[in-house]
Amino acid sequence: AASIVAIALALLAGTGVALWQAHAARTQANIAQRENASANAAMQFITSTFAATSPEQTLKADVSLRQLLEHAQAELDARGAVDPKVKQPVQRMLGRLYYSLGDFKRAAELLSAGTRGVQPRSRAEALALADDLVTESIALDSLERFPEVLAAADRALALRRQFAPDDPEQQLRSLANITIAHVQKYGLAACRKQADEALALAKRMPNPPTDVVLHVYSLIAAGARIADERARMLQVSDEGLSFADRHGVAPESPLRIELMRNRAEALSMQGRYREAETTARQAIAAAEKTGSAGDTRVGILHGVLAKTLSGQGRYREALAAQQDSLRFLPQAELGPRNLAVSLGNEALLRYSVGDYAKALALSGQAVDTLDKAGIALGDEDRTSVEVKHAWLLLANGRAAQAKALLDALLPRVRAAEGVDSENYARVLEAMAEANMLLDLAHASPAMLPELLRFKGRLFCSHGGVQGVKAMASST
């Protein structure tokens, strides 16, 4: 059964895919050792499936990892009634590899099927299952299927507590399992405290797992980003990258990419856009060189690059980078919040290059996306999208419509985020702009067409254009 790993590694390496992607399959291959007969059957499936994609069969010199996975999944589905002891280990292996490609929808489907009803009979099986459940929870989190996220995460936590209650590494892995779903349920402060506890535990361990520690640094940086703690975000990102250096993590390793993304965003938030651009481009180059970051992560990195370019006033380059981001991000598989934010970001950049009508259409589409998904009024992500939409309504001369939106928005933001929040300040700024435009129009109705013709200059003189462009580089 151990030869499953060798076969998978050889085949994947033969396609030119980075070994990091194959590394994700090693734990899954061990699961197939539960029974010799099941292991042999799983091995037979893997070898026959991958052999069918060899150059002799496909008449192609190069076969991508995605082609291998798609063929393997089709074969698995076509075989109908397969013994779960054979089928589920293969599903879990394929799920992990789809996850490495950033195809979270397929990863979630395969991992959910591969872990469903599995009852481990040993410590090794339990911990391998827990690892897969964590990956499943992260894939589901990207799809915003939050109840399922928490169910998978809780099951992983229970397995670690049952089979390895006194193992510091397993305790660390449990503490490191923090998702957006956890933030929604328990609050940002509780999740940040848990991430800090994870890092403290890692520092007490003689040889903590490098990948988990780097993930913890990323979690702490992400928490700082949400809390708008810019200095902390940069500090912890740099600490994480220094940890990677000390532990021999290769410069192009995917383990570094999230930290590089956080570093670029922290620099952007501090107005250090040129440094941020350099870091973002380095992260993109590393991801594209190894092919191991996945399309979704590469798309996110292009979005970060767009912010750094926008901050430098290079709006057309920023728009091109944002469009690259959307090209990589599979919109049909994005959760509604992620899709709305992406549409809102493109809308601001469209505005920045003078395409006001397209900007407004995109921001309206972003709000509609949240409406259709039933995202509650007062949700922080929704508020950000609605504030952008209000600014773009103003930019298109629809001050009354913008004011109505802002009047409804202000008490919600005050209640949900507080009067010191950035969104509250943005709502107040937009309300001031709307009132100014409405007062001018009311005072001299005959001048309204001329007022709207020069709205760009008025907007700029009162901070409106700069406010919109600032959002384009910071959200």
Side-chain angles (χ1 to χ4, degrees), residues 104-105 142-146 180 295-296 298-307 309-310 315-409 412-413 423 426-427 430 433-434 452 455-456 459 464-465 467-475:
F104 298 134
K105 184 176 181 180
S142 73
L143 303 173
E144 298 181 30
R145 290 159 57 178
F146 295 147
I180 297 173
D295 286 351
T296 298
V298 172
I300 291 170
L301 291 174
H302 279 282
V304 173
L305 176 62
K307 296 174 194 176
L309 295 168
S310 178
Y315 299 118
R316 295 195 179 278
E317 292 177 72
L319 179 58
Q322 183 64 29
Q323 290 172 328
D324 284 339
S325 174
L326 293 172
R327 178 168 55 86
F328 281 104
L329 292 169
Q331 292 195 29
E333 298 176 14
L334 285 176
R337 290 177 179 82
N338 288 330
L339 178 56
V341 168
S342 293
L343 290 169
N345 288 342
E346 183 178 355
L348 294 179
L349 289 168
R350 289 281 184 182
Y351 170 85
S352 297
V353 299
D355 193 347
Y356 293 1
K358 179 65 173 178
L360 183 59
L362 285 169
S363 70
Q365 187 180 343
V367 174
D368 289 343
T369 297
L370 298 176
D371 286 341
K372 290 176 183 176
I375 303 301
L377 299 175
D379 180 276
E380 186 172 345
D381 291 318
R382 182 187 182 100
T383 296
S384 177
V385 170
E386 289 181 317
V387 171
K388 294 174 189 176
H389 187 54
W391 276 115
L392 292 170
L393 285 168
L394 291 171
N396 280 270
R398 301 186 185 182
Q401 190 176 347
K403 185 176 184 304
L405 171 60
L406 293 163
D407 285 344
L409 194 55
R412 297 202 301 264
V413 177
N423 275 335
R426 284 178 172 168
V427 172
E433 192 77 33
L452 294 180
K455 64 182 178 295
F459 221 36
V465 166
V468 171
K469 291 182 177 180
M471 284 192 284
S473 61
S474 65
T475 56

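All values reported here derive from a predicted model rather than from experimental measurement.
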* Which residues pass the side-chain hydrogen bond (donor to acceptor under 3.5 Å, both in side chains) test with D371, sequence neighbours left out? -> R382
* Structure fact -> When rounded to the nearest 0.5 Å, the distance separating CG of D379 from OG of S384 is 10.5 Å
* Between CG on residue L392 and OH on residue Y351, distance to nearest 0.5 Å -> 8.0 Å
* Please name all residues satisfying side-chain hydrogen bond (donor to acceptor under 3.5 Å, both in side chains) with N338, sequence neighbours left out, ordered by chain then number. => none
* Applying side-chain hydrogen bond (donor to acceptor under 3.5 Å, both in side chains), name anything that partners D368, two or more places apart in sequence or on another chain. => none
* To do: Would you check if there is a donor-acceptor pair between the side chains of S363 and H389 at a distance under 3.5 Å?
  => yes
* Output all residues satisfying salt bridge (charged side-chain N to carboxylate O under 4.0 Å, His left out) with E346, sequence neighbours left out; order by chain, then residue number. => R350
* Asked: Is it the case that K307 and N345 place a side-chain donor and acceptor less than 3.5 Å from each other?
  -> no
* Would you please test E144 and R337 for side-chain contact (heavy atoms from CB on, under 4.5 Å) and show each step? => CA-CA 8 Å; E144 298 181 30; R337 290 177 179 82; 2.9 Å; yes
* Check the pair Q323, L319 against side-chain contact (heavy atoms from CB on, under 4.5 Å), reporting the backbone distance first and the verdict last. => CA-CA 6 Å; Q323 290 172 328; L319 179 58; 4.1 Å; yes
* **G344 to A366 - nearest heavy-atom pair and separation** => N-CB, 4.2 Å
* To do: Could you tell me which non-hydrogen atom of R316 sits nearest to which non-hydrogen atom of V353, and how far apart they are?
  => NH2-O, 3.5 Å
* Please report the closest heavy-atom contact between G299 and S325, naming both atoms and the distance. => O-OG, 2.6 Å
* Structure fact -> side-chain contact (heavy atoms from CB on, under 4.5 Å) filter on A373, not counting sequence neighbours, yields P336, I375
* Structure fact -> For Y356 and N396, the nearest pair of non-hydrogen atoms, with its separation, is O-ND2, 3.2 Å
* Least distance between heavy atoms, A399 atom then L394 atom -> CA-CD2, 3.8 Å
* Asked: Checking S142 side chain against F104 main chain: does a donor-acceptor pair fall under 3.5 Å?
  -> no
* Distance, nearest 0.5 Å, that separates CH2 of W391 from CG of L348 -> 11.0 Å
* All pairs passing salt bridge (Lys or Arg N to Asp or Glu O under 4.0 Å) where residues 317-326 contributes a residue, at least two apart -> R314-E317, D324-R327
* Structure fact -> CG (L377) and OG1 (T383) are apart, to the nearest 0.5 Å, by 8.5 Å
* Structure fact -> Heavy atoms of A306 and L349 approach each other most closely as CB-CD1, 4.3 Å
* Can you check side-chain contact (heavy atoms from CB on, under 4.5 Å) on L405 and Q401, steps first, answer last? -> CA-CA 6 Å; L405 171 60; Q401 190 176 347; over 6 Å; no
* Structure fact -> Rounded to the nearest 0.5 angstrom, the CD-OG1 distance for Q365 and T369 is 5.5 Å
* Please lay out, stage by stage, how V385 and K388 fare under the test side-chain contact (heavy atoms from CB on, under 4.5 Å). => CA-CA 5 Å; V385 170; K388 294 174 189 176; 5.5 Å; no
* To do: Just jot down the side-chain hydrogen bond (donor to acceptor under 3.5 Å, both in side chains) partners of D381, sequence neighbours excluded, or say none.
  => none
* Asked: Side chains of L406 and K403: does their closest heavy-atom pair fall under 4.5 Å?
  -> no
* Asked: Checking salt bridge (charged side-chain N to carboxylate O under 4.0 Å, His left out) for the pair R426/E386: CA distance, chi angles, key distance, verdict?
  -> CA-CA 11 Å; R426 284 178 172 168; E386 289 181 317; over 6 Å; no
* **Any residue meeting side-chain contact (heavy atoms from CB on, under 4.5 Å) with I180, in chain and number order, not counting sequence neighbours** => D141, F146, Q184
